[in-house]
Amino acid sequence: MKLKKILSTCLLAGASLLSVHANAFWGSDDDETLKLGYLVKQPEEPWFQTEWAFADKAAKQYNFELIKMAVPDGEKTLNAIDTLAASGAKGFVICTPDPKLGSAIMAKAKSYDLKVITVDDQFLTAKGQPMTEVPLVMMAASQIGQRQGHELYKEMQKRGWDVASTAVMAITADELDTARRRVHGAMDALKTDGFPAAQIYTVPTKSNDIPGALDAANSLLVQYPDIKQWLVVGMNDNTVLGGVRATEGQGFSAANVIGIGINGVDAVNELAKSKATGFYGSLLPSPDVHGFKSTEMLYNWVSKDVEPEKFVEVTDAVLITRDNFKQELEKKGL
Ligand code: FCA
């Protein structure tokens, strides 16, 4: 008799433990806490970690649970939406690994009645048309690219380089609209400032990370062995870092390379190095605003039925270099 009692107590305890776990994962009707997701394509980039940190700030302020997920490819993205829905989430912010997943992401989200806000990279239809009906928070891409070009030109002039022996290495990623607009903005600005168009060389990168950009840059450098100074353009810090690393492999140094990235937060380790490199600086936009604002918009939509703006463009950017990066990051609370 005693044994039977012990066994049934154990079974009951086990069952309730199981249900506690099940509730924690799947959510339950009496679980009142609102859940929202924040899905990013490249969680290894400090840019996205910063967005997450500020999305967490919004979650704390408005008292909801933020579920952060890495979605490096299409399969993981669609699976993540299933998991979010199963956990009882009501919507998510996403930086998609591929803009062309837009229609598939929206179809799945709609099937679960989840609200969606995009951040950084705009969704495209399968035919490549921008899905302007899905709310988007992003940086002013052409504008920041133009600033990159102007700053490169200014620094080149400051150093008194001979333009005849100088070239621009522009690492492109034209299939990503924001990247295309940034890089082309930079090239346009350089031309406007007077840099010879014939000395601006482009090379596409296969992946938007340092190894991809390094390969692309290497293939470009071998074609122009006579160039003595390089200006490096790319859509973000990692792309420019890959370009700069390639120039180092060919014997260039801080004295004859100027690279200016975009993102800022991804350049901190480089700018903190004890010795200057060809990576001169970075344009720091507002990952804090992107993370907080997109999450706050989703919260207001889900919980107060406040329709979000369809397009929020974040425009400020500050040039950070070895001299000022600590102060500038601090000013933004980064
Ligand atoms: C794109 C880039 C990121 C970041 C973001 C704002 O998603 O891949 O590095 O620049 O835009």
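The basis for the numbers below is simple: all heavy atoms, side chains too, and nothing from hydrogens, waters or symmetry mates. Just so you know, ligand 1 is whichever comes first in the structure, and atom 1 is the first atom listed for that ligand.
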Practice problem: Check whether the side chains of S207 and D209 place a donor and an acceptor atom closer than 3.5 Å, and report yes or no. | Solution: yes
N/O donor-acceptor pairs under 3.5 Å from side chains in residues 308-316, not counting sequence neighbours:
none

Exercise. Please say whether more than 12 non-hydrogen atoms of neighbouring residues, nucleotides or ligands are located less than 6.0 Å from NZ in K90.
Key: no
Quiz prompt | Result of checking H150, E151, Q143 against R147 for side chain to side chain donor-acceptor pair (under 3.5 Å) | solution = E151
Tabulating one pair per line, provide the atom names and distances (0.1 Å) for every N/O atom of ligand 1 that is less than 3.5 Å from a protein N/O atom.
residue: ligand 1; atom: 7 (O); partner: K41; partner atom: NZ; Å: 3.0
residue: ligand 1; atom: 7 (O); partner: D121; partner atom: OD1; Å: 3.0
residue: ligand 1; atom: 7 (O); partner: D121; partner atom: OD2; Å: 3.1
residue: ligand 1; atom: 8 (O); partner: K41; partner atom: NZ; Å: 2.9
residue: ligand 1; atom: 9 (O); partner: E45; partner atom: OE1; Å: 2.8
residue: ligand 1; atom: 9 (O); partner: N236; partner atom: ND2; Å: 2.9
residue: ligand 1; atom: 9 (O); partner: N263; partner atom: ND2; Å: 3.0
residue: ligand 1; atom: 10 (O); partner: R182; partner atom: NH1; Å: 3.0
residue: ligand 1; atom: 10 (O); partner: R182; partner atom: NH2; Å: 3.3
residue: ligand 1; atom: 10 (O); partner: N263; partner atom: OD1; Å: 2.7
residue: ligand 1; atom: 10 (O); partner: N263; partner atom: ND2; Å: 3.4
residue: ligand 1; atom: 11 (O); partner: R182; partner atom: NH2; Å: 2.8

Quiz item: Of the non-hydrogen atoms in T321 and N324, which two are nearest, and what is the gap between them?
Solution: N-OD1, 2.7 Å
Quiz item: Knowing that exactly one of N263, N236, N238, D237 qualifies, which makes a side-chain contact (heavy atoms from CB on, under 4.5 Å) with W47?
Solution: N263
